[in-house]
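Position 1 is the first residue of the sequence; numbering continues from there.
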Amino acid sequence: MEIDKKIIIALIAVFVVILAGILVISPQGQSQNQTAYEIPLKAHAFNFFDMQTPVDSDFRVKFNQSEAERGMFAWQNKGNFSRDVDLIIISKNFTDGLIPDKMELISNNNSQKIYMSKNYDGNYYRVVKTVNDTDIIVSGHNLDLLEKMLNTTKIKDTSKLTSGKAVDEKTPIKNTTGNNTTVNNTTQAEKSVDKTPVQHVIEKKVDDKKKQDTAPKVETTIDKTVDPLMIGGGSFTTGSELEDKTYARIYVGVDHAGEDVGIKIFYSRDGTSLNKGNYVTATVKSDGYINIASADSFAKYPDFAQVELYDANEKLVATQGIMLNPTSGTQYF
């Protein structure tokens, strides 16, 4: 019996030594503070800012919201290292809407915030750095790389990031009805008559009173330009659990905040439909977005979504097909 115990103890010792060797060799045994490998960077000039990005990466404009006066551009990495960094965004007033609810704030200092979520492929990060009232946002799985890229950022002129123009309150606004402009009807002869200031004021008041009594009343209207309903980008989020539904967040325009719109979303995988695409109504939020959850969870992750947008009269106004990665997490289009 004593011999058996010694054999067992010896076997355990050998197993511990072998396991320790595996942890030393395996990359999974490295400290989380270490970078798995060094990624060479190169200078890249984006709209409104410069940043160093991985060599052989290929960032292409994904969508922008500047025409909606929201001030946001996004670039997606279509080249190498797309797992490490897949998205770069510049934002003026849009940042809060770009952080999914499932992402947890894990770090916050004066100028930088780090958000994290877990998916099938490990920890996914979204890092926000604020420079001169402008946010630069980078996303991906390699936190070391994301922070390194942000540290190379140089903001340029962002005055044209939004298209909205402030109204000068000192400039008089003409009262118009259609194409008719109200002007002063005083003739040149009347202007040339020498009158005392008091006499002029009295006569002007009497004359104005007569005009008010005899002139037909005209309702003055001010035309307001409203942007049409549109599909202006958004995101799709699917959890990793079997019971998790797919959530769509679609931008339709801030001018339609408070309105009810109709929407259908058809999901599919490898050409096979995953749902029936029920017609549902949703109220546009103050930021111009509508939020739609799938009626059921899907057996497979969708790789395609067809979005149909309808106005309050159930008239189809816009459609868009979006390619998706068949994975969990949040994807932007």
Side-chain angles (χ1 to χ4, degrees), residues 41 43-54 57-79 81-108 111-117 119 123-164 230-237 248-251 253-254 287-289 322-325 329-333:
L41 302 180
H44 190 121
F46 292 90
N47 300 59
F48 315 113
F49 67 98
D50 295 332
M51 175 188 285
Q52 291 188 18
T53 60
S57 60
D58 183 12
F59 286 93
R60 302 181 185 180
V61 173
K62 189 173 179 65
F63 62 92
N64 73 79
Q65 298 290 358
S66 63
E67 71 276 2
E69 301 182 13
R70 300 297 294 172
M72 186 268 286
F73 273 76
W75 294 262
Q76 186 173 25
N77 184 8
K78 298 290 187 177
F81 307 108
S82 59
R83 180 188 180 278
D84 297 276
V85 52
D86 61 357
L87 197 66
I88 299 176
I89 303 173
I90 184 170
S91 170
K92 275 282 191 181
N93 312 305
F94 212 73
T95 303
D96 289 343
L98 298 172
I99 307 300
D101 294 337
K102 292 185 177 181
M103 297 203 82
E104 177 186 358
L105 179 64
I106 62 173
S107 177
N108 183 9
S111 62
Q112 181 172 291
K113 296 179 181 179
I114 302 176
Y115 298 86
M116 184 192 75
S117 63
N119 60 28
N123 294 339
Y124 183 80
Y125 300 94
R126 179 149 293 175
V127 186
V128 182
K129 184 170 185 177
T130 304
V131 182
N132 299 333
D133 297 324
T134 301
D135 292 331
I136 302 294
I137 308 164
V138 291
S139 303
H141 289 83
N142 191 331
L143 180 58
D144 291 336
L145 175 64
L146 301 181
E147 292 186 290
K148 185 177 180 180
M149 290 171 57
L150 282 174
N151 289 335
T152 68
T153 304
K154 295 181 180 179
I155 297 291
K156 296 185 286 191
D157 182 12
T158 60
S159 60
K160 295 182 180 180
L161 184 58
T162 57
S163 62
M230 63 176 181
I231 301 173
S235 64
F236 291 92
T237 301
R249 179 173 163 82
I250 311 294
Y251 183 82
V254 292
D287 58 2
Y289 278 90
I322 300 104
M323 300 294 296
L324 301 172
N325 293 324
T330 299
Q331 304 177 50
Y332 297 86
F333 70 97

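Applying the salt bridge (Lys or Arg N to Asp or Glu O under 4.0 Å) criterion to K156, with sequence neighbours excluded, gives D50. The salt bridge (Lys or Arg N to Asp or Glu O under 4.0 Å) test applied to K113 returns no partner, not counting sequence neighbours. Contacts of F48 classified as ring pair (Phe, Tyr, Trp, His ring centres under 6.0 Å), with partners at least two apart in sequence or in another chain: F73.
Separation of atoms CD1 (I90) and CE (M51) is listed at 9.0 Å; rounding is to 0.5 Å. In this structure, the separation between CD1 on I88 and CD1 on I136 is 8.5 Å, given to the nearest 0.5 Å. Rounding to the nearest 0.5 Å places CZ of F81 at 10.5 Å from OG1 of T53. The line from CD1 of I155 to CZ of F46 is 11.5 Å long, rounded to the nearest 0.5 Å. The structure places CG of L146 at 6.0 Å from CG of L143, a figure rounded to the nearest 0.5 Å. Atom-to-atom distance recorded for D84:CG and M149:CE is 10.0 Å, nearest 0.5 angstrom.
Side-chain atoms of N132 do not come within 3.5 Å of backbone N or O of T134 as any donor-acceptor pair. At distances below 3.5 Å, not a single donor-acceptor pair connects side-chain atoms of E104 with backbone N or O atoms of S117.
Taking the side chain as every heavy atom from C-beta outward, F59 and V85 approach each other to under 4.5 Å. Within the 4.5 Å cutoff, side-chain heavy atoms of N325 are placed close to those of Q331. For the pair I106/Y125, a side-chain contact is recorded, criterion being any heavy-atom separation below 4.5 Å from C-beta on. In this structure the side chain of V131 never reaches within 4.5 angstrom of the side chain of S111, judged on heavy atoms. Put simply, the side chain of Q112 does not reach to within 4.5 Å of the side chain of V128, judged on heavy atoms.
In this structure, S139 and Y124 approach most closely via the heavy-atom pair CB-OH, 3.1 Å. Of all heavy-atom pairs spanning F236 and F333, the tightest one is CE1-CE2, 3.6 Å. Contact detail for P54 and L145: the closest heavy-atom pair is CG-CD2, 4.0 Å.
In this structure, a donor-acceptor pair under 3.5 Å is absent between the side chains of D86 and Y332. Side-chain contact, S235 with R249: no donor N or O sits under 3.5 Å from an acceptor N or O. In this structure, a donor-acceptor pair under 3.5 Å is present between the side chains of D135 and T130.
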Next item on the list: Report the C-alpha distance between I89 and W75 in whole Å, list the side-chain angles of each, state the deciding distance to 0.1 Å, and finish with yes or no for side-chain contact (heavy atoms from CB on, under 4.5 Å).
Entry: CA-CA 6 Å; I89 303 173; W75 294 262; over 6 Å; no

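With R126 as the partner, the side chain to side chain contact (heavy atoms under 4.5 Å, CB included) test is satisfied by one option alone out of V138, I114, L105, L87: L87.
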